[in-house]
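What follows is a set of notes on a single structure, which appears directly below.
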Amino acid sequence: MSTTFGDQSLTIVCPSNGEDVGTVRSAGPAEVAAAVAAARHAQESWAQTSAQERGRYLHAMADALEREKERLADLNHRETGKTLEDSRGGVDAGISTLRQYAELGPLHRGHSLRGELYAADYTMTRPRGVAVALTPWNDPVAVAMGLIGAALVTGNTVIHKPSERNPHLGIYLGEVLSAVLPADVHITLTGGPQVGVELTRSAIDVIAHVGSTATGKAITLEAARTGAHVIRENGGNDPLIVDRDVDPQWAAGQAALGCFANAGQICTSVERIYVHHDVAEPFIDALVTEATRLNSSPGQPLVDVSHRDHVHGHVAAAISAGARALTGAEIPTGPGAHYPATVLVQCEEDMAVMAEETFGPVAAITVVDSFEEGLALGAAGRYGLAATVLTTRIEHALQSAARLHVGTLKINGVFGGAPGGSAQPHAESGQGFGYGPELLDEMTRTSVVHIEAGRS
Ligand code: NAD
């Protein structure tokens, strides 16, 4: 992938086989300005439609995604290396999110209060205006549909800037959605970070960013100048804490899922493991067996070679600082951006593989002497997205809930959660609600209306 604002192009190669996927034009400053003006103009009439009508449009968007699922999944697969099955799953998740917001939009309600006997006070919400959605490549359809659906159903118009790593998918998604919406209610702009920067410096009302922490911080600084409302769902460094009393084979299965699914490129992937020494040996053996099994076939690649360099950089630095690789840890020969499932032991807290987001198929392990030690290490650090604890002890589950300052705590299961679940990421993992019914609050402003009887 190469990109500059000046030459206005993005070239994508398939990370599975190194073949050329294609080149697309990147938007320039004039197109950004035109998109903001068009979205602003369209918002006036879009805000006049009823929430119910906007909900019907969201159902039409979901229907359009159903029809185009295969092509969208294929583009996702070719641009990012996500498996076809998971790419289809991402479109399905996007469809169901749109349908949820289609139904929740008309139910988004305020409060009424009673002060004086002959007076009424109530709250009402109104759209913020023009929303910009800046989305990542690792689950591009599902994430975009949440932000776009919530913004549209509450009466905002949206400018979507998909990741520079999946521009063909982003453009096609935009065409599919715009075909069933009024003109300029939803606009797609393609390009690299520069297009995102230009958008965040424009006169817009909401910036919804799902992506890395470094980008989220830069966006927050820009928004301090413009006054735009910022919603940030950013990176994590999620710990997995394995207690002494769990079945080590089962725990290793959970760890493998958490570390290696989607080649470790999930915001809530397990990034660091603290395992109690009583179960450490069978746990590590089982995890290495599973990693070796996964490595016997090429599997899912990383998104591109530059990201692979980042992942391998963390692994290589850990090994030179004293960690030991039990499997993986070598860049394979051949085309594409493959990287093996890797198990590292004797990891230390100051290694990047433990302290930062690696976002690759790496299980970085520290053996601890007690649950309390694992909990203290898991609670440390600058991120606060999610954490998993595997334990049979209710007191340890409750201690974890009290001491792990994360948006999502999972007890005895690395992934999963109820539909519509939403939490605020803590610390450097973001701010606001990027998902669930609460995202409708983020996309709106609340006014209070006070009415008195008056005199005639
Ligand atoms: P990224 O922040 O680099 O890119 C996301 C979007 O922001 C892209 O469209 C990009 O072009 C744009 N962008 C980049 N720099 C910008 C800037 N300075 N100003 C404005 N826009 C800018 O993130 P990524 O690499 O695409 O995605 C991977 C990251 O996303 C990981 O850190 C992962 O944990 C995180 N993520 C978080 C969640 C969550 O819900 N917390 C979900 C998915 C991914």
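Just so you know, ligand 1 is whichever comes first in the structure, and atom 1 is the first atom listed for that ligand.
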For His310 and His307, take the angle between the two ring planes, folded into 0 to 90°, and tell me which bin it lands in: parallel under 30, tilted 30 to 60, perpendicular over 60.
parallel
Show the numbers, then the answer: is there a side chain to side chain donor-acceptor pair (under 3.5 Å) between Tyr172 and Glu68?
CA-CA 9 Å; Tyr172 192 59; Glu68 299 302 324; 2.6 Å; yes
Every pair of nitrogen or oxygen atoms between ligand 1 and the protein that is under 3.5 angstrom apart - can you list them with their distances to 0.1 Å?
{"from": "ligand 1", "atom 1": "2 (O)", "to": "His209", "atom 2": "NE2", "distance (Å)": "3.0"}
{"from": "ligand 1", "atom 1": "2 (O)", "to": "Ser212", "atom 2": "N", "distance (Å)": "2.9"}
{"from": "ligand 1", "atom 1": "2 (O)", "to": "Ser212", "atom 2": "OG", "distance (Å)": "3.2"}
{"from": "ligand 1", "atom 1": "2 (O)", "to": "Thr215", "atom 2": "OG1", "distance (Å)": "2.9"}
{"from": "ligand 1", "atom 1": "9 (O)", "to": "Thr135", "atom 2": "O", "distance (Å)": "3.1"}
{"from": "ligand 1", "atom 1": "9 (O)", "to": "Lys161", "atom 2": "O", "distance (Å)": "3.3"}
{"from": "ligand 1", "atom 1": "9 (O)", "to": "Lys161", "atom 2": "NZ", "distance (Å)": "3.0"}
{"from": "ligand 1", "atom 1": "11 (O)", "to": "Lys161", "atom 2": "NZ", "distance (Å)": "2.6"}
{"from": "ligand 1", "atom 1": "11 (O)", "to": "Glu164", "atom 2": "OE1", "distance (Å)": "2.5"}
{"from": "ligand 1", "atom 1": "23 (O)", "to": "Ser212", "atom 2": "N", "distance (Å)": "3.2"}
{"from": "ligand 1", "atom 1": "25 (O)", "to": "Trp137", "atom 2": "NE1", "distance (Å)": "3.2"}
{"from": "ligand 1", "atom 1": "26 (O)", "to": "Trp137", "atom 2": "NE1", "distance (Å)": "3.3"}
{"from": "ligand 1", "atom 1": "30 (O)", "to": "Gly211", "atom 2": "O", "distance (Å)": "3.4"}
{"from": "ligand 1", "atom 1": "32 (O)", "to": "Glu357", "atom 2": "OE1", "distance (Å)": "2.6"}
{"from": "ligand 1", "atom 1": "34 (O)", "to": "Glu357", "atom 2": "OE2", "distance (Å)": "2.6"}
{"from": "ligand 1", "atom 1": "40 (O)", "to": "Tyr435", "atom 2": "OH", "distance (Å)": "2.6"}
{"from": "ligand 1", "atom 1": "41 (N)", "to": "Asn234", "atom 2": "O", "distance (Å)": "2.9"}

Before giving the answer on side chain to side chain donor-acceptor pair (under 3.5 Å), spell out for Gln300 and Asn262 the whole-Å C-alpha distance, their side-chain angles and the decisive distance to 0.1 Å.
CA-CA 7 Å; Gln300 179 177 339; Asn262 206 35; 2.7 Å; yes
If we ignore angles and hydrogens, is there a donor and acceptor under 3.5 Å between the side chains of Asp441 and His108?
yes
Is it true that atom CD of Glu349 has more than 12 heavy atoms of other residues, nucleotides or ligands lying nearer than 6.0 Å?
yes
Can a salt bridge be assigned to the pair Glu79 and Lys82 using a cut-off of 4.0 Å between side-chain N and carboxylate O?
no
